[in-house]
Chemist: 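This structure is in structure tokens; I'll ask about it shortly.
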Amino acid sequence: MNKRIIIFTGLLLGTLLIVGLLHAGFLFARNLDLDYRILLLGYLINFAMALGIYSALLYFSEKQNKHLGFLFMFGSTLKFVIYFLIFDPIFMLDGKLTKVEFFIFFVPYFSCLLIETLALIKLMREIDQQ
């Protein structure tokens, strides 16, 4: 279990570093007025949530592996709740949600979702082979 978490963490961190640098570079190249701390917060929160969800999936794969899909969907729902609790109030301070603000959360969200989905598929295949 620990080896899987280390591999997942490395893959997730590497992906988010590459995507995050590209994302920040794109925003910087466009000279967009942006607080980069919010961008970093978007990546950090998505990283932490993805790691937590994957850890829960690993834990429950040993106990209740038939419910992994539901746990995964619950994790995705939890991410949206976090978005509406943390990011939406920040973005709506000026009364509108811009495309830049939308992508501050959803680029790392979709990046994490992709890595989580691939990890879940691999985990479920391993369970089926046992």
Chemist: Are I104 and L40 linked, directly or through other ILVMFWY residues, by side chains that come within less than 4.5 angstrom of each other?
Modeler: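 Looking at the clustering, L40 is in a separate group from I104.
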
Chemist: Kindly say whether E126 contributes a backbone atom to a donor-acceptor pair with the side chain of Q129 at under 3.5 angstrom?
Modeler: no

Chemist: Enter the distance from F110:CZ to T117:OG1 here, rounded to the nearest 0.5 Å.
Modeler: 10.5 Å

Chemist: Give the table of side-chain donor-acceptor pairs shorter than 3.5 Å for residues 8-19, with sequence neighbours excluded, one pair per line with atom names and distance.
Modeler:
residue: T9; atom: OG1; partner: I5; partner atom: O; Å: 2.7
residue: T15; atom: OG1; partner: L11; partner atom: O; Å: 2.8

Chemist: Could you tell me whether K96 and D94 have a side-chain N and a carboxylate O separated by less than 4.0 Å?
Modeler: no

Chemist: Measure the shortest side-chain to side-chain distance between I53 and L71 over non-hydrogen atoms and say whether it is less than 4.5 angstrom.
Modeler: no

Chemist: Ring centres under 6.0 Å, that's the criterion: do F80 and F106 meet it?
Modeler: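 Yes, the ring of F80 comes within the 6.0 Å limit of the ring of F106, centre to centre.
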
Chemist: Looking at OG of S55 and CG of L58, how far apart are the two atoms once the value is rounded to the nearest 0.5 Å?
Modeler: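 CG of L58 is found 6.5 Å from OG of S55.
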
Chemist: From L93 CG over to D88 CG, what is the distance, rounded to the nearest 0.5 angstrom?
Modeler: 10.0 Å

Chemist: Does OH belonging to Y36 count more than 12 external heavy atoms closer than 6.0 Å?
Modeler: yes

Chemist: Report yes if the side chains of I121 and R125 come closer than 4.5 Å at any heavy-atom pair, otherwise no.
Modeler: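 Counting from C-beta outward, I121 and R125 do come under 4.5 Å.
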
Chemist: Is the closest side-chain heavy-atom distance between Y43 and V107 below 4.5 Å?
Modeler: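 In short, these two side chains touch, coming nearer than 4.5 Å.
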
Chemist: So do E116 and L120 actually touch side chain to side chain, heavy atoms under 4.5 Å?
Modeler: no

Chemist: Rounded to the nearest 0.5 Å, what separates atom CG in L118 from atom CG in L114?
Modeler: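 The CG atom of L118 sits 4.5 Å away from the CG atom of L114.
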
Chemist: How long is the straight-line distance from CZ of F60 back to CD of E62, given to the nearest 0.5 Å?
Modeler: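 Going from CD on E62 over to CZ on F60, the span is 11.0 Å.
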
Chemist: Is there a continuous path of hydrophobic side-chain contacts, each under 4.5 Å between heavy atoms, that joins L68 to F70?
Modeler: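 No: no chain of side-chain contacts under 4.5 Å links L68 to F70.
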
Chemist: Can M49 be reached from F102 by stepping across I, L, V, M, F, W or Y side chains whose heavy atoms are under 4.5 Å apart?
Modeler: yes

Chemist: With sequence neighbours excluded, tell me which residues meet side chain to side chain donor-acceptor pair (under 3.5 Å) with Y83.
Modeler: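 Not a single residue meets the side chain to side chain donor-acceptor pair (under 3.5 Å) criterion with Y83.
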
Chemist: Tell me, with the steps shown, if E101 and L34 meet side-chain contact (heavy atoms from CB on, under 4.5 Å).
Modeler: CA-CA 9 Å; E101 291 169 336; L34 173 70; over 6 Å; no

Chemist: Nearest heavy-atom pair of P89 and L85: which atoms, and what distance?
Modeler: CG-O, 3.5 Å

Chemist: Check ring pair (Phe, Tyr, Trp, His ring centres under 6.0 Å) between F87 and all other residues, then give those that pass, not counting sequence neighbours.
Modeler: F91, F105

Chemist: If you define the side chain from C-beta out and look only at heavy atoms, does anything of Y109 sit under 4.5 Å from K79?
Modeler: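 Side-chain contact under 4.5 Å: yes.
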
Chemist: May I ask whether L21 and I38 are part of the same hydrophobic cluster, defined by side-chain heavy atoms of I, L, V, M, F, W, Y residues being less than 4.5 angstrom apart, directly or through others?
Modeler: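 Shared cluster, no.
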
Chemist: Let me see the working for L27 and H23 under side-chain contact (heavy atoms from CB on, under 4.5 Å), right down to the final yes or no.
Modeler: CA-CA 6 Å; L27 295 172; H23 191 180; 3.7 Å; yes

Chemist: Find out if a path of hydrophobic residues (ILVMFWY) with successive side-chain heavy-atom gaps under 4.5 Å connects I45 to M92.
Modeler: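 Result: yes, single cluster for both.
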
Chemist: Does any part of the side chain of F72, heavy atoms only, come nearer than 4.5 Å to the side chain of L113, both counted from C-beta?
Modeler: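 Yes, close enough: below the 4.5 Å cut-off.
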
